[in-house]
Amino acid sequence: MNFSTIIIALILSGINGKELFKIGAIFEESHDDFDRNINEFKQKALNAAIKLINDELRDNQYELEAVQVNVEIDNPFGAITAACTLIENGVIAILGPSSEDNSNVVQSVCDNKDVPHLEVRWDDQPVTPIINLYPYQDVLTRVYMDIITAWEFDSFVILYENNESLRRVGELLKLYDNKKNKIIVRQLDKAKQGNYRPVLKELWRSGAKHFVLDCSIDILEEVLRQAQQIGLMTFKESYIITNLDFHTLDLEPFQYSETNITGMRFIDPETPTIINLASEIFNISTSVADIPAWKLTLDMALVADAVIMFGQALKDLPVNFQPPSLTCNSTDTWPFGSTLTNLVKSLKHSGFTGNIQFDNRGFRSDFGLELIELKEGGITRIGNWTTSEGLNISRIYPPPPPPKEGSLANRTFIITGCLTEPYIMRVDSSIALYGNDRYEGFGVDLIDELSQMEGFNYTFSIRTDGKNGNLNNVTGEWDGMIGEIIDGSAHLAIGDLTINSQRESAVDFTTPFMTLGISIVFQKPQKADPSFFSFADPLAFDVWKMLAVTYFGVSIIMFILGRICPGEWQNPYPCIEEPEFLVNQLSLRNCFWFMTGSLMQQGSEIAPIAISTRMVAGMWWFFTLIMVSSYTANLASFLTTDNPEILFEDVNELVAVADAKGIKYGAKAGGATASFFLQAARETEKANPIFKAIGEYMSAHADDVMVPGNSQGVIRAERENYAFFMESTSIEYETERRCTLEQVGNPLDEKGYGIAMKKNSTFRSILSTAILKLQEGGKISDLKRKWWQEKRGGGQCPETEDNSSEALDLKNVGGVFWVTIGGACLSLVFMFVEMALHMLKRAFKTKIPWIKLIMDELTFYFKFSGMVKPVIYEHETPESCSNKSKSKSKSKSKSRKDSNDSINLQSVPYGFITGMSQERLTRTDTHY
């Protein structure tokens, strides 16, 4: 077949007298009917293009002929064989094939022989010197992105068919801000069985509304049909179809679903050139070719464009141009291949797919396409996209209805504002932004919420001088945003615009959308140096005083109870039943020593015996347990935490300590905060003396303490010993980002921010009502949290816990004092009961009246004459020791009585003799 083709070419060349140049084309065979038909029509497009270019080159000395070879899809060996066959037949260029594997090996052969290679397929990684007329994918991704942005898809679903389609739309994930927006990626049919319903059902259940669909044209119609069956083709859903042959489908079943289906195309089937090409390809007369023109795919048009553009490049061939005479087995290359390739790439051609032009890298990156939309009645052109101008929507909307009385619908407002964080700020973006997209912030979001509620349009106009508005007392004119409202250059003003009486006399304000007050921003307190008596800090001074009183009080009570309680008077001679004297260990100094040992948790050799004294001791031990434990715990807290040195806690202390501490304070010059204090300084009688003093200080030191803006004041407060007065909301914003600053004291006044408008505006009540609805719904709180704590570095400073420890006062430990007092009182009761019972027993034994015994005892107790008490016996002592002991004891008693009542120290325990007078103690008797 190849030999006969060459013979026919030579015969034709001899007949016509023209040189015949051959263009090789590799087409791929397919067992699929759809692909087979497409391949057949691409071959017809090639022949139609050859015919068109030969007609155009009729006056030239050469003409073109197509040499076609068919190979199997994804058969690289067959593709190499076909390419070598075409090169050996002297083709000056090779067109195709379409599959990636086959195309790569053909490209390798063409590069080796320096033969031009023409491509019309999608390639995500094109290389040079290949000539690919398919639009460059990076630019197509920009097209998708512009449409998504114009359609305001904050969140959407990407539906893809296979790896190739995923690579095609995957670049969207890099361009789109997936931090703010949610993007879901789903493959239509992993099993490749033609059932897309499971994935579509999942998306239907999730409530997805926006879809970007990328799939081949042979399954696109079926995907849309199954989506319609699932219920994903209603007025709520929107689709962006990336397939550039979308217009070739029969879309009549989807015309009345009210679904917004948007596509794009390079081919306009209504243009005469497309109609003529379709008539050649589909072999139909031009009178009815407008019908098959809708079936013309991008691949067919690109094949025709590639051949015609290549044929036009032959016009500029050098004189010595010769077709190649090569074989794949040799190492020779065609010397004119690079020249021909460069000629093609340098051309600018207006083809069937629009303007064709290659950039300096050899990619078709400068092109334009049409934006289409499916409507009732068919496909409608709604705009276009070009590399230079981007997306241009020309959709014709119906005229808006006239606004209702008392409604803001369809009105357009000019919003004035100043660039003040976080109310209005410029958007940080690497690409150029226009209009309202340039700004963001709390005020921008608030206006947007109001516009959605009331249906009005708006445009922001930003002041460069940053002035909210002040009255010039000389000229009587307002500057800043208030001035713009008055002269009519703006309809609304929003920002940190404080509502005050002076401004309300000039403009109207809505209901305040935010309440605030003047406060102080200052550096957080630093850690204070420990004092000399820092060990006493865990307990308050009142507690220390009460502790001392309790210590002395309980010691004295213990001493009194010890004297009164009979049980505390003990026999110094255990073997003598009826001693003449009893001793008591609870002297005053022993009581103090006992209390001291218990308080220090060391104990002592003193041990109470009576019930009442033991009860007092028990209550004291309980008291010391609680107090020592509380002191120890709080001491640990004091040692491990920082106790800040607070210079001042409110405005009163600031004024009082400013000179002593070297603290300067000021406000924004010309702002509402400075006016608040300066006005107080001018008022002589009604003004608050503190505010007046602040105003006088600011006026006298204006050059030193006043700053041009809030940002400068905050920076100065962060770096110097400087207190800056500003609105509490602005302080909240700054302290979320500057962790060394804090708000000091409560707001000094109460005011609000509102939206300003011209005096007696008819829409004031509408906007005020809308603001109240936003406040009731919590939307304004959400916006404040968004811009104060989340956006632009918010939330950097976590809420600091108060690590400072406070000394325990009487409120903390008062209970243990009352328990101790109660125990002491109860011990007094037990003491009287014990004494009464003891005297009753003694009265029974001695036959002495009970009252007399009680009086005698009390008289002795309250003389405080010593710790030795004489005993009077009125009966014989029972025999408790040996007779010898009795006689000795009697003789001893007598001798002691005769010797001025001396007592043997060796026979008395140490605790019993404490407090006895030295005159009555001797060491002469050592019998015991």
Side-chain angles (χ1 to χ4, degrees), residues 20-27 42-60 62-68 86 91-98 103 106-107 110 115-123 126 128-136 139 244 266-268 271-274 276-278 280-281 296-318 321 323 336-369 387:
L20 185 64
F21 294 147
K22 292 180 286 187
I23 296 180
I26 301 177
F27 294 103
K42 287 168 64 175
Q43 294 178 17
K44 291 182 178 181
L46 172 64
N47 294 328
I50 292 291
K51 181 179 178 181
L52 291 174
I53 192 62
N54 284 337
D55 291 341
E56 185 177 345
L57 300 176
R58 184 173 301 170
D59 297 334
N60 291 62
Y62 58 87
E63 63 181 13
L64 296 179
E65 180 189 25
V67 180
Q68 303 177 20
L86 293 174
V91 297
I92 60 175
I94 296 179
L95 174 67
S98 298
S103 177
V106 171
Q107 172 68 25
C110 290
V115 175
H117 184 204
L118 304 178
E119 280 284 16
V120 292
R121 70 180 187 91
W122 175 84
D123 189 359
T128 55
I130 193 172
I131 304 172
N132 193 349
L133 272 70
Y134 200 94
Y136 187 41
V139 184
L244 299 175
F266 280 85
I267 302 170
D268 186 359
T271 59
T273 55
I274 296 297
N276 292 333
L277 179 64
E280 291 289 338
I281 295 175
L296 190 66
T297 65
L298 179 61
D299 289 343
M300 300 177 195
L302 288 176
V303 167
D305 277 341
V307 173
I308 293 175
M309 192 173 182
F310 187 80
Q312 289 180 347
L314 297 177
K315 296 178 182 179
D316 299 324
L317 287 177
F321 179 80
F336 298 99
S338 299
T339 302
L340 191 54
T341 299
N342 293 331
L343 285 174
V344 175
K345 288 189 175 183
S346 63
L347 288 178
K348 294 182 180 180
H349 174 61
S350 180
F352 301 107
T353 59
N355 293 327
I356 303 175
Q357 181 179 354
F358 297 96
D359 59 16
N360 55 1
R361 299 173 297 172
F363 305 146
R364 186 182 177 184
S365 57
D366 187 4
F367 56 82
L369 50 76
T387 308

Output for pair (Met300 CE, Leu277 CG), nearest 0.5 Å, gives 9.5 Å
Sorted by chain and number, sequence neighbours left out, side-chain contact (heavy atoms from CB on, under 4.5 Å) with Ser346 holds for none
For atom NZ of Lys51, is the number of surrounding heavy atoms from other residues, nucleotides or ligands below 6.0 Å larger than 12? no
Nearest heavy-atom contact between Leu343 and Leu347 is O-CG, 3.3 Å
Here the pair of heavy atoms bringing Ser365 nearest to Thr387 is O-OG1, 3.3 Å
Report yes if the side chains of Arg364 and Ile356 come closer than 4.5 Å at any heavy-atom pair, otherwise no.
yes
| task | Using a 4.5 Å cut-off on heavy atoms from C-beta on, say whether the side chain of Phe352 contacts that of Ile267. | result | no
In this structure, CZ of Phe266 is separated from CG of Leu369 (nearest 0.5 Å) by 4.5 Å
query: Any side-chain heavy atom of Asp268 within less than 4.5 Å of one from Ile274?
result: no
Heavy atoms of Ala25 and Phe27 approach each other most closely as CB-CE1, 3.6 Å
The reported gap from CD1 in Ile50 to NZ in Lys22 (rounded to nearest 0.5 angstrom) is 12.5 Å
By side-chain contact (heavy atoms from CB on, under 4.5 Å), Asn342 pairs with (sequence neighbours left out) none
- [ ] Could you check His117 against Ile131 for side chain to side chain contact (heavy atoms under 4.5 Å, CB included), going step by step and ending with a plain yes or no?
- [x] CA-CA 6 Å; His117 184 204; Ile131 304 172; over 6 Å; no
State, yes or no, whether a side-chain contact exists between Val106 and Pro97 at a heavy-atom distance under 4.5 Å.
-> yes
Start with the C-alpha distance between Met309 and Leu118, add both sets of side-chain angles, then the distance that settles side chain to side chain contact (heavy atoms under 4.5 Å, CB included), and finish with yes or no.
CA-CA 10 Å; Met309 192 173 182; Leu118 304 178; over 6 Å; no
Pairwise side-chain contact, Ile94 with Ile26, heavy-atom cut-off 4.5 Å (strictly under): yes
Closest non-hydrogen contact found for Ile308 with Ile53 is O-CD1, 3.6 Å
When rounded to the nearest 0.5 Å, the distance separating CG of Asp299 from NZ of Lys42 is 5.0 Å
query = Taking side chain as C-beta onward, heavy atoms only, is Leu244 less than 4.5 Å from Tyr134?
reply = yes
Look at the rings of Phe363 and Tyr136 and say which category their plane angle falls in: under 30° parallel, 30 to 60° tilted, over 60° perpendicular. parallel
Looking only at heavy atoms, the pair that brings Val307 and Ile23 closest together is CG1-CD1, 4.4 Å
Rounded to the nearest 0.5 angstrom, the CG-CD1 distance for Asn276 and Ile281 is 11.0 Å
In short, Leu86 meets Gly24 closest at the heavy-atom pair CD1-CA, 4.0 Å
Rounded to the nearest 0.5 Å, the CD atom of Glu65 sits from the CG atom of Leu20 at a distance of 5.0 Å
Item to complete: Please examine the side chains of Leu133 and Thr353, heavy atoms only from C-beta on, and report whether any two atoms are closer than 4.5 Å.
Response: no
Can you confirm whether Ile92 sits close enough to Phe310 that some side-chain heavy atom of one is under 4.5 Å from a side-chain heavy atom of the other?
yes
